[in-house]
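This report concerns only the one structure given below.
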Protein chains: 2
Amino acid sequence: MAEHVEKQITDSEWEVMRVVWAQKHVTSKEIIEVLEKKMSWKPATTKTFIGRLVKKGMLSTEAEGKKFIYSANVVEGDVIRETLHDLLDHICDRDVGNTIGTMITQATLSVQDIENLKKILEMKESEAVEDIPCTCTPGQCRCQDHSCGSRH
Amino acid sequence: MAEHVEKQITDSEWEVMRVVWAQKHVTSKEIIEVLEKKMSWKPATTKTFIGRLVKKGMLSTEAEGKKFIYSANVVEGDVIRETLHDLLDHICDRDVGNTIGTMITQATLSVQDIENLKKILEMKESEAVEDIPCTCTPGQCRCQDHSCGSRH
DNA sequence: ATTTTAAGTTTACAATCGTAAACGTTTTAT
DNA sequence: ATAAAACGTTTACGATTGTAAACTTAAAAT
């Protein structure tokens with residue numbers, strides 16, 4: 001599992017994928033209905049995105065009976081992971097911890113979530129490093145100049 | 001602080017912004033040099049992105065002496081927050097906790113980071129909810145059908 | 001003072017994206 | 001059996017993005 005998703009998906013395509021992920025296999029009619037409601041897209045618009053996703057290899061079609069049934073070729077988690085990875089590519093490694101902190105601060109979490117996260121953090125403790133090296137390109141981060149704490 | 005950043009920035013533009021954020025004010029020459037090295041961009045390419053960022057209002061120019069000095073109109077943290085927010089827009093509220101978990105799992109964290117995050121989590125505990133309501137559009141998430149745990 | 005050089009601005013151009021109509025087939029309803 | 005509806009495919013078209021050359025003007029070097 002955890003296939004590497006090379007292809008990025010756009011915001012609009014993501015809307016379509018969510019419908020497919022939510023059901024296991026869907027017809028275009030269902031996708032169109034959901035997004036007509038949510039996004040106010042004309043049926044033609046949704047059709048375009050479906051077509052592009054099929055071309056990109058994100059969706060599979062199988063003629064079930066007479067019409068097409070769509071199913072996803074990538075799992076939601078992988079797309080999320082890939083997106084997060086892209087974001088982390090834009091920030092200094094030393095700043096990742098703070099960014100996660102921001103996320104936690106802004107999120108609504110359940111007691112269960114917090115429980116889980118605490119557990120994950122504890123496991124992380126074993127491999128925690130004293131000082132994270134900055135691997136930024138010189139000129140794109142202050143860490144090189146003077147030893148900066150995180151979140152400059 | 002924490003201005004709302006309406007304008008999205010593209011990956012390429014982000015590269016430019018990082019150079020500006022790293023120094024407080026830079027000349028185009030410096031930006032060009034850094035990105036010629038890192039991205040193998042021709043000077044003209046970097047110039048284009050600088051121009052677009054100025055037009056978008058992300059960068060300010062002030063003629064210091066004879067030439068221009070660029071400085072950022074948005075802080076890095078806000079752009080990061082905005083990007084994270086956009087990502088969260090694509091996933092079910094009930095799944096945010098897990099997504100953060102994924103992030104923590106994949107990140108390299110320092111002992112200090114873990115310490116901080118634990119503290120944040122503890123503070124979060126007070127406002128932790130028992131069950132996070134799913135606010136997804138019907139048809140884009142399974143939570144509606146049957147009570148699903150997070151990460152379906 | 002002229003020529004070079006550097007900086008900023010314009011123009012270019014293909015690829016992708018958002019948005020959608022039009023078209024060709026196949027089903028389904030009349 | 002025909003007409004109408006539905007589905008997938010093509011075509012369209014302006015906006016944004018990545019990539020960069022060309023142009024203009026001002027500064028620096030000779």
Side-chain angles (χ1 to χ4, degrees), chain A residues 5-20 23 25-71 79 82-83 86 89-90, chain B residues 5-20 23 25-71 79 82-83 86 89-90:
Chain A
V5 181
E6 358 62 37
K7 292 289 184 192
Q8 301 303 117
I9 74 175
T10 69
D11 281 2
S12 300
E13 288 169 348
W14 202 315
E15 295 293 338
V16 175
M17 292 304 292
R18 287 192 68 180
V19 182
V20 184
Q23 275 82 53
H25 41 57
V26 241
T27 62
S28 63
K29 189 227 264 282
E30 294 179 84
I31 302 176
I32 288 171
E33 269 165 14
V34 171
L35 297 176
E36 195 159 13
K37 212 159 290 173
K38 180 181 185 190
M39 308 297 288
S40 304
W41 286 345
K42 297 288 159 61
T45 302
T46 302
K47 285 182 193 180
T48 299
F49 292 135
I50 292 174
R52 288 181 184 168
L53 284 167
V54 171
K55 188 183 308 181
K56 279 193 186 182
M58 310 288 291
L59 289 183
S60 301
T61 55
E62 26 178 342
E64 181 161 301
K66 47 261 308 185
K67 281 302 169 193
F68 281 91
I69 299 288
Y70 296 92
S71 53
V79 173
E82 177 67 17
T83 304
D86 287 347
D89 263 2
H90 289 140
Chain B
V5 181
E6 0 61 36
K7 292 289 184 193
Q8 302 304 119
I9 74 175
T10 70
D11 281 2
S12 301
E13 288 168 349
W14 202 313
E15 295 294 337
V16 175
M17 292 304 292
R18 287 193 68 181
V19 182
V20 184
Q23 275 82 53
H25 41 58
V26 241
T27 61
S28 64
K29 189 226 266 282
E30 296 179 82
I31 302 176
I32 287 171
E33 270 165 15
V34 171
L35 296 177
E36 196 159 13
K37 212 160 293 177
K38 179 181 185 191
M39 308 297 289
S40 306
W41 285 345
K42 297 287 159 64
T45 302
T46 302
K47 285 182 191 177
T48 300
F49 293 134
I50 293 175
R52 286 180 185 168
L53 284 167
V54 171
K55 187 182 308 178
K56 279 193 185 181
M58 311 288 291
L59 289 182
S60 301
T61 54
E62 28 180 339
E64 180 161 302
K66 47 258 314 187
K67 281 302 168 192
F68 281 91
I69 300 288
Y70 295 92
S71 52
V79 173
E82 177 67 17
T83 304
D86 287 347
D89 263 1
H90 288 140

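Residue numbers start from 1 in every chain, and the chains themselves are labelled A, B, ... in the order their sequence lines are given, proteins ahead of strands. Remember, it's a predicted structure, so these values are computed and weren't measured experimentally.
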From the candidates C:dA7, C:dG8, C:dC17, the one with an atom nearest any side-chain atom of B:Tyr70 is C:dG8
A:Phe68 CZ - C:dT25 P separation (whole Å)
15 Å
Here the ring-ring contact (aromatic ring centres under 6.0 Å, His included) pairs for residues 42-64 of chain B, sequence neighbours left out, are B:Trp41-B:Phe49
I'd like to know if A:Lys42 and A:Glu36 make a salt bridge, using a cut-off of under 4.0 Å between side-chain N and carboxylate O.
no
Whole-Å gap separating P (C:dT5) and NZ (B:Lys29)
13 Å
Counting side-chain heavy atoms from CB outward, which of C:dA20, C:dA22, C:dC17 is closest to A:Trp41?
C:dA20
Proximal nucleotide (of D:dG18, D:dA21, C:dG8) relative to the B:Ser28 side chain
C:dG8
When only distance counts, do a donor and an acceptor, one from the side chain of A:Arg52 and one from the base of D:dT10, lie under 3.5 Å apart?
no
Is A:Ser12 touching bases, backbone alone, or none of the nucleic acid, heavy atoms closer than 4.0 Å?
sugar-phosphate
Whole angstrom is fine here: how far is it from CD1 in A:Ile50 over to C1' in C:dT19?
14 Å
Quick one: is B:Lys55 getting a side-chain N or O under 4.0 Å of the C:dG8 phosphate, OP1 or OP2?
no
Taking only side-chain nitrogens and oxygens of A:Thr45, does any of them come within less than 4.0 Å of OP1 or OP2 of C:dA20?
yes
Would you kindly give the CD-to-P distance between B:Glu13 and D:dT16, to the nearest whole Å?
11 Å
Once you round it to whole Å, what is the distance between P of D:dT17 and CG of B:Asp11?
10 Å
My understanding is that only residues two or more places apart in sequence, or in another chain, count here; which of them pass salt bridge (charged side-chain N to carboxylate O under 4.0 Å, His left out) with B:Lys38?
B:Glu15
Quick one: list whatever passes side chain to side chain contact (heavy atoms under 4.5 Å, CB included) with B:Thr48, sequence neighbours left out.
B:Arg52
With sequence neighbours left out, write down each residue that passes side chain to side chain contact (heavy atoms under 4.5 Å, CB included) with B:Asp11, or none if nothing qualifies.
A:His90
My understanding is that only residues two or more places apart in sequence, or in another chain, count here; which of them pass side chain to side chain contact (heavy atoms under 4.5 Å, CB included) with A:Glu33?
A:Lys29
Touch check for B:Thr61, heavy atoms < 4.0 angstrom, all strands: base, sugar-phosphate only, or nothing?
nothing
For atom CZ of B:Phe49 and atom C1' of D:dT16, their distance in whole Å:
11 Å
Could you tell me how far apart A:Glu30 (CD) and D:dA6 (C1') are, to the nearest whole angstrom?
15 Å
Could you check which residues of residues 31-40 of chain A get a heavy atom under 4.0 Å from DNA chain D? Sort them by number, please.
none
Give one of base, sugar-phosphate or nothing for B:Thr10, where a contact means two heavy atoms less than 4.0 Å apart.
sugar-phosphate
Is there a side-chain polar atom (N or O) of B:Lys56 under 4.0 Å from OP1 or OP2 of D:dT17?
yes
For the OG1 atom of B:Thr27 and the OH atom of B:Tyr70, what is their distance to the nearest 0.5 Å?
9.0 Å
On a heavy-atom basis, which atom in A:Lys56 and which in A:Ile9 lie closest, and how many Å separate them?
NZ-CA, 4.3 Å
C:dA6 P sits how many Å from B:Ile69 CD1, rounded?
17 Å
Using a heavy-atom cut-off of under 4.0 Å over every strand shown, decide if A:Lys42 touches base, sugar-phosphate, or nothing.
sugar-phosphate
